[in-house]
There are 2 protein chains.
Amino acid sequence: MRRFRGESLHKVDVKGRVSIPAQFRRVLEEGDPDFKSGLNPSCVLVHNQKSKKCLEGYSISSINEVDDLVSRLPRYSRDREILERMLNAQSSYAQIDDNGRLVLSLKLRQRIEIESEAIFIGMGDKFQVWEPNAYRRDMEQIEYEFNLYDEKDNPFNLLQSKHSLDA
Amino acid sequence: MRRFRGESLHKVDVKGRVSIPAQFRRVLEEGDPDFKSGLNPSCVLVHNQKSKKCLEGYSISSINEVDDLVSRLPRYSRDREILERMLNAQSSYAQIDDNGRLVLSLKLRQRIEIESEAIFIGMGDKFQVWEPNAYRRDMEQIEYEFNLYDEKDNPFNLLQSKHSLDA
DNA sequence: AATCAGTTCCCGTATGAAACCTGCTTCGAT
DNA sequence: ATCGAAGCAGGTTTCATACGGGAACTGATT
């Protein structure tokens, strides 16, 4: 399965329409079971927490994986209620139009404080949408945090295959 | 199967009529085995506990799943009696009219203290109906609770595929 | 039979979103 | 450097939906 990769800057017009990076479309098409050549794929936009100033976009197959995990929790449990609120209530389907664009509603634009530009960030099985300056700041924060780790205790060290863990 | 997603605010008129979000109708149609194009799907409204100031709406297939789970409990057991009371007694069928609206009876409106507006909340396989301010308060509570979790003990950590749990 | 409350059906209308169309820019191949 | 295709962006039109008003129907009561 193809993955979302790279960063890409696009204009947002007065109606909130914005082009999805062309490479991302290919990933969305692959991940939409209902997609047929000639039609347009859809995706799901999640705007989790107010504190997080970005949207997260999922392909259909990718959000289904998440939903299936939630469905395994007991119905009516508090954990499940919280997750449904975070993932289902705070989200929406988005149809991609014939020109490869999606519409960010006014509400969504205000949420992430976007005016006339948006930057798309590939994150593997999902992508993020940021206001460009907010993204730059977030990336600086990430780099700062990363540099605080020492050699021994570093996220990269979590990248051990199961094989090498057993050894 | 499509899922209920997003939040949507609608007017409630003096007769108690309120539009169901257009996207929710598609989910109800998919979930109603008796639905045929041109007709209107129905749904089930549950008003569980007095303390919970919202209604929960299910598609037919979705409420069937819940009923099946209840049916697995021993007949005449106390647990089953309680659940039947919660889920069956405190609920009603609701027909959607030609304009995609349903009627909230006066009793239901009083129960959730709705006056002239209602907000619909997608919760995956069901949806909720709240008085808008009550919902805002509930959502603040959810976010507050969510922020109390630390990094290690967080509902999102329950979303691990079986594979990685085994490792 | 007459009244009344509650409900369903059938409209008209306004708003906002989706579809359509059309240029401009970028990029890759020749 | 030139050409063609694809990506991007913008404006206009069309249509679906939300929402309210009013007429017709129900059936319960006196």
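Below, chains carry the letters A, B, ... as their sequence lines are ordered, and counting in each starts from 1.
- Between Ser19(B) and dT17(D) there is no side-chain N or O to OP1 or OP2 distance below 4.0 Å.
- Spacing between atom CD of Glu29(B) and atom C1' of dT17(D) amounts to 14 Å, rounded to whole angstrom units.
- Residue Ile96(B) contributes atom CD1, which lies 14 Å from atom C1' of dT17(D) at whole-angstrom precision.
- Around atom CD of Glu115(B), no more than 12 heavy atoms belonging to other residues, nucleotides or ligands sit under 6.0 Å away.
- Nucleic acid contact for Leu9(B): none, since no nucleic acid atom lies under 4.0 Å from a heavy atom of the residue.
- Contact annotation: Arg26(A) does not reach the phosphate of dA6(D) (side-chain N/O to OP1 or OP2, under 4.0 Å).
- Residues Asp97(A) and Asn40(A) have side chains that never bring a donor and an acceptor to within less than 3.5 angstrom of each other.
- The NE2-C1' distance, from His10(A) to dT26(C), rounds to 12 Å in whole Å.
- The CD atom of Gln23(A) sits 16 Å away from the P atom of dT26(C) (whole-angstrom rounding).
- Surrounding NZ of Lys11(A) are at most 12 heavy atoms belonging to other residues, nucleotides or ligands under 6.0 Å away.
- Between the CG atom of Asn99(A) and the P atom of dG23(C) there is a distance of 14 Å, rounded to whole Å.
- In this structure, NZ of Lys11(A) is placed 13 Å from C1' of dG10(D), rounded to the nearest angstrom.
- Rounded to whole Å, the distance from CG on Asp98(A) to P on dT22(C) is 14 Å.
- The hydrophobic clustering, which links ILVMFWY residues whose side-chain heavy atoms are closer than 4.5 Å, places Val66(A) and Met123(A) apart.
- In this structure, Phe24(A) and Phe120(A) have perpendicular ring planes: the angle between them is above 60°, well past the 30° mark.
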What protein N or O atoms touch nucleotides 26-28 of chain D N or O atoms at under 3.5 angstrom, if any, and at what distances?
none

Report each atom pair, protein N/O against N/O of nucleotides 11-15 of chain D, whose distance is under 3.5 angstrom.
residue	atom	partner	partner atom	Å
dG11(D)	N7	Arg17(A)	NH2	3.0
dG11(D)	O6	Arg17(A)	NH1	2.5
dG11(D)	O6	Arg17(A)	NH2	3.3
dT12(D)	O4	Lys15(A)	NZ	2.3

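- Between the P atom of dA18(C) and the CG atom of Leu106(A) lies a distance of 14 Å, rounded to the nearest Å.
- Here the two rings, on Phe146(B) and Phe156(B), have centers that are under 6.0 Å apart.
- The hydrophobic cluster containing Val70(A) also contains Val44(A), counting ILVMFWY residues as joined when their side-chain heavy atoms lie under 4.5 angstrom apart, directly or transitively.
- Counting any heavy atom pair closer than 4.0 Å across all strands shown, Ile20(A) reaches sugar-phosphate atoms only and no base atom.
- Residue-level contact check: Asp97(A) touches neither bases nor backbone, having no heavy atom under 4.0 Å from any strand.
- In the hydrophobic clustering of this structure, Ile121(A) does not group with Ile20(A); members are Ile, Leu, Val, Met, Phe, Trp, Tyr whose side-chain heavy atoms approach within less than 4.5 Å, directly or through other members.
- In this structure, Arg26(B) fails the cation-pi test against Tyr93(A), since its NZ or CZ atom is not both closer than 6.0 Å to the six-membered ring centre and inside 45 degrees of the ring normal.
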